[in-house]
Amino acid sequence: MENKKGFADRFDWTLAFIILLFLIISLLAISSAQTSGQYATNFIPKQLFWYVVGSIIIGFVMFFEPEQYKKLSWYIYAIGVFLLLVLFILPDSLALVEPRNGAKSWFHLPVGDIQPAEFMKTFYILGLARLITIHHEKNLIKTVKTDLILLVKIGVTLIIPLAFILTQPDLGTSLVFLAITIALIIVAGITWKIILPIFMGSIVTGGTLLYFALYQQDFLTNTFGFKGYQFARIYSWLDPYSYASDEGMHLITSLNAIGSGEIFGKGYGERIVYVPENHTDFIFAVIGEEYGFVGASIVVSLYFLLIFHLTKITLQLKDAYSTYVCAGIIAMITFHVFENIGMTIQLLPITGIPLPFISYGGSSLMGNMLAIGLVFSMKFHHRTYMFAKNEDD
């Protein structure tokens, strides 16, 4: 009976409504942010254009069934790696890939700058989901050995795109890949006998590096070639007021803007604090200043509603591949939100990660819409797929 349900019954109207709310918030925040005069460009038509393109992407992606994505996963993953490779090998002097702000991360096209890494996140999720699914199908009896083999496979799949992204350099995007990987390792059910020592080792390594960065900078510089600006990022995060004229300026202005919004904010367009890049990475500072704690809480609650709804969809899915894909997308969006908001309030270091669906940016928005399109597809087709599978059984 459910196989015969029409489009209106199978389409996820709740998810579509949530994305519509993000569109409204994004346009309001960007329209106010650009009044600071930092740029002469009107970003509203461009953001609206990218939302339209993103909606088309959702419609196209939703057309295909999960089984088709499972078959095409490695090809899609390979396309993403190829784009990163092309970006890496083309000379910096070429206008198509000219570095900006010290990073060689974009293809500069007539329609706008396209960042392959934003799409590679979703491509990576598709490849990793297939890898885990096929591994479990071939190893019905789990052992420490099979889990180790799976972990090695995951590591190889991660290292390939990560190597190109780190050379751009793009620490923020690299952390997103790590967050996706950790989430899928946990969801894949790899034994804690393997995971716990690795996580503990990572914590110890991270703590050791932080200690050396704070107290033994010469050792890291001479041994591993760390640069001064890399240390400055850590120092300006821990003590931004000592670097107020340079690395700490972004964080200080962000804290001042959000703090000055108090409970109810100053109102639309009533900002006083100037925050650089406030239409992109620091859009949350605009929301905090103009709409205060109440407005910021509404935005955070909307993200919570999105994550909750995506989790609910994931738990409804019946095939492993779709579950892994949706789990990876949840991890990606959650980390983006946590890192972006965290860096604006000094909870986390500044890494240049945009706020999903709200920050201005074509590549970021289209990449997220691509991921959401996959969720739409999994939800739209999952009942048909489920009953077809039961009939084969």
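Keep in mind it's a predicted model, so treat the numbers as computed, not measured.
A donor and an acceptor atom, one from each side chain of T351 and E339, are located under 3.5 Å apart. Using modelled atom types, one finds no donor on one side chain facing an acceptor on the other under 3.5 Å when comparing T253 with N256. Side-chain contact check for Q47 and S26: at least one donor-acceptor pair (N or O, by modelled atom type) lies under 3.5 Å. Side-chain polar atoms of D281 and H250 form no donor-acceptor pair below 3.5 angstrom. Y69 and S322 share no side-chain donor-acceptor pair at under 3.5 Å. With 3.5 Å as the limit, one finds a donor-acceptor pair spanning the side chains of K121 and H336. No side-chain donor-acceptor contact under 3.5 Å links T334 and Y303.
Remark: K46 NZ is loosely packed, at most 12 non-hydrogen atoms of other residues, nucleotides or ligands lying under 6.0 Å away. Residue F304 qualifies as open at atom CZ: its count of foreign heavy atoms under 6.0 Å is 12 or below. Counting heavy atoms of neighbouring residues, nucleotides and ligands inside a 6.0 Å radius, atom CZ of F60 does not exceed 12 of them.
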Review point. Where do Y360 and F43 land on the ring-ring contact (aromatic ring centres under 6.0 Å, His included) test, with the steps shown first?
Key: CA-CA 7 Å; Y360 171 78; F43 294 105; 4.7 Å; yes
Exercise for review: Begin from the C-alpha positions of I25 and L28 and carry the test side chain to side chain contact (heavy atoms under 4.5 Å, CB included) through to its verdict.
Suggested key: CA-CA 5 Å; I25 294 172; L28 283 174; 5.8 Å; no
Review point. Given the rule in the side chain to side chain contact (heavy atoms under 4.5 Å, CB included) test, do I154 and I132 qualify, once you have shown the distances and angles that lead to the verdict?
Key: CA-CA 8 Å; I154 292 174; I132 296 171; 4.3 Å; yes
Point to revise | Worked verdict on F284 versus I258 for side chain to side chain contact (heavy atoms under 4.5 Å, CB included) | key: CA-CA 8 Å; F284 190 75; I258 295 173; 4.0 Å; yes
Exercise for review: Determine, step by step, whether F282 and I350 satisfy the side chain to side chain contact (heavy atoms under 4.5 Å, CB included) criterion, reporting the C-alpha distance in whole Å, the side-chain angles of both residues, the deciding distance to 0.1 Å, and the verdict.
Suggested key: CA-CA 10 Å; F282 284 84; I350 295 175; 3.8 Å; yes
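Atom CG in L355 sits 8.5 Å away from atom OG1 in T344 (nearest 0.5 Å). Atom CE in M120 sits 10.5 Å away from atom CD1 in I76 (nearest 0.5 Å). Separating the OG atom in S297 from the CD1 atom in I287 is a distance of 11.5 Å, to the nearest 0.5 Å. Rounded to the nearest 0.5 angstrom, H309 NE2 and I330 CD1 are separated by 10.5 Å. Put simply, CG on L131 and OG1 on T157 are 4.5 Å apart, with the number rounded to the nearest 0.5 Å. Rounded to the nearest 0.5 angstrom, L315 CG and K312 NZ are separated by 10.0 Å.
F107 and P116 get closest at one heavy-atom pair: CE1-CG, 3.3 Å. The minimum heavy-atom distance between P354 and N340, with the atom names listed, is C-ND2, 3.5 Å. Looking at every heavy atom in both residues, A327 comes nearest to V187 through CB-CG2, 4.1 Å. Closest approach of L251 to S236, counting heavy atoms only: CD2-O, 3.8 Å. Closest non-hydrogen pair, S359 versus I283, comes out as OG-CG2, 3.4 Å. Heavy-atom minimum distance, A331 versus I180: CB-CA, 4.2 Å.
A 4.5 Å side-chain heavy-atom check between H136 and L150 finds at least one atom pair inside the cut-off. The shortest distance between side-chain heavy atoms of I358 and I30 does not fall below 4.5 Å. Side-chain atoms of W106 and L87, non-hydrogen and from C-beta on, never get closer than 4.5 Å to each other. For the pair F119 and I79, the minimum side-chain heavy-atom distance is 4.5 Å or more. Contact annotation: the side chain of S254 never approaches that of I345 to less than 4.5 Å [non-hydrogen atoms, C-beta and beyond]. With contacts defined as side-chain heavy-atom distances shorter than 4.5 Å, the pair E118/M366 does not qualify. Between K153 and H135, some side-chain heavy-atom pair lies under the 4.5 Å cut-off. Two residues are said to be in side-chain contact when any heavy atoms from C-beta on lie closer than 4.5 Å; F338 and L348 meet this criterion.
For F11 and F376, the gap between ring centers is short of 6.0 Å. Taking the ring centroids of F123 and Y77, they lie at or beyond the 6.0 Å cut-off.
Put simply, the side chain of Q346 gets close to the backbone of W237: a donor and an acceptor are under 3.5 Å apart. A side-chain donor-acceptor contact under 3.5 Å links T143 to the backbone of T146. Judged purely by atom type and a 3.5 angstrom limit, N139 has no side-chain atom pairing as donor or acceptor with the backbone of K142. Between the side chain of Y51 and the backbone N or O of F357 there is at least one donor-acceptor pair closer than 3.5 Å. The backbone N or O of F380 sits less than 3.5 Å from a side-chain atom of R10, completing a donor-acceptor pair. Within the 3.5 Å criterion, the main-chain N or O of S363 finds no donor-acceptor partner in the side chain of W50. Using modelled atom types, one side-chain atom of N368 and one backbone atom of S364 make a donor-acceptor pair closer than 3.5 Å. Between the Q68 side chain and the E65 main chain, a donor and an acceptor come within less than 3.5 Å of each other. Distance alone, capped at 3.5 Å, places no donor-acceptor pair between the S105 side chain and the Q115 backbone. The closest donor-acceptor contact from the side chain of N278 to the backbone of V286 lies at 3.5 Å or more, if one exists at all.
A continuous path of ILVMFWY side-chain contacts below 4.5 Å connects F22 to F17, so both sit in one hydrophobic cluster. Following chains of ILVMFWY side-chain contacts shorter than 4.5 Å, one cannot reach L175 starting from I159, and the two form parts of different hydrophobic clusters. The hydrophobic cluster containing V300 also contains L305, counting ILVMFWY residues as joined when their side-chain heavy atoms lie under 4.5 angstrom apart, directly or transitively. Residues I24 and V294 fall into different hydrophobic clusters, defined by Ile, Leu, Val, Met, Phe, Trp and Tyr side chains chained together at heavy-atom separations under 4.5 Å. A continuous path of Ile, Leu, Val, Met, Phe, Trp and Tyr side chains, each step under 4.5 Å between heavy atoms, connects L374 with Y75, placing both in one hydrophobic cluster.
Between K70 and E137, at least one side-chain N (NZ, or NE/NH1/NH2) sits under 4.0 Å from a carboxylate O, which counts as a salt bridge.
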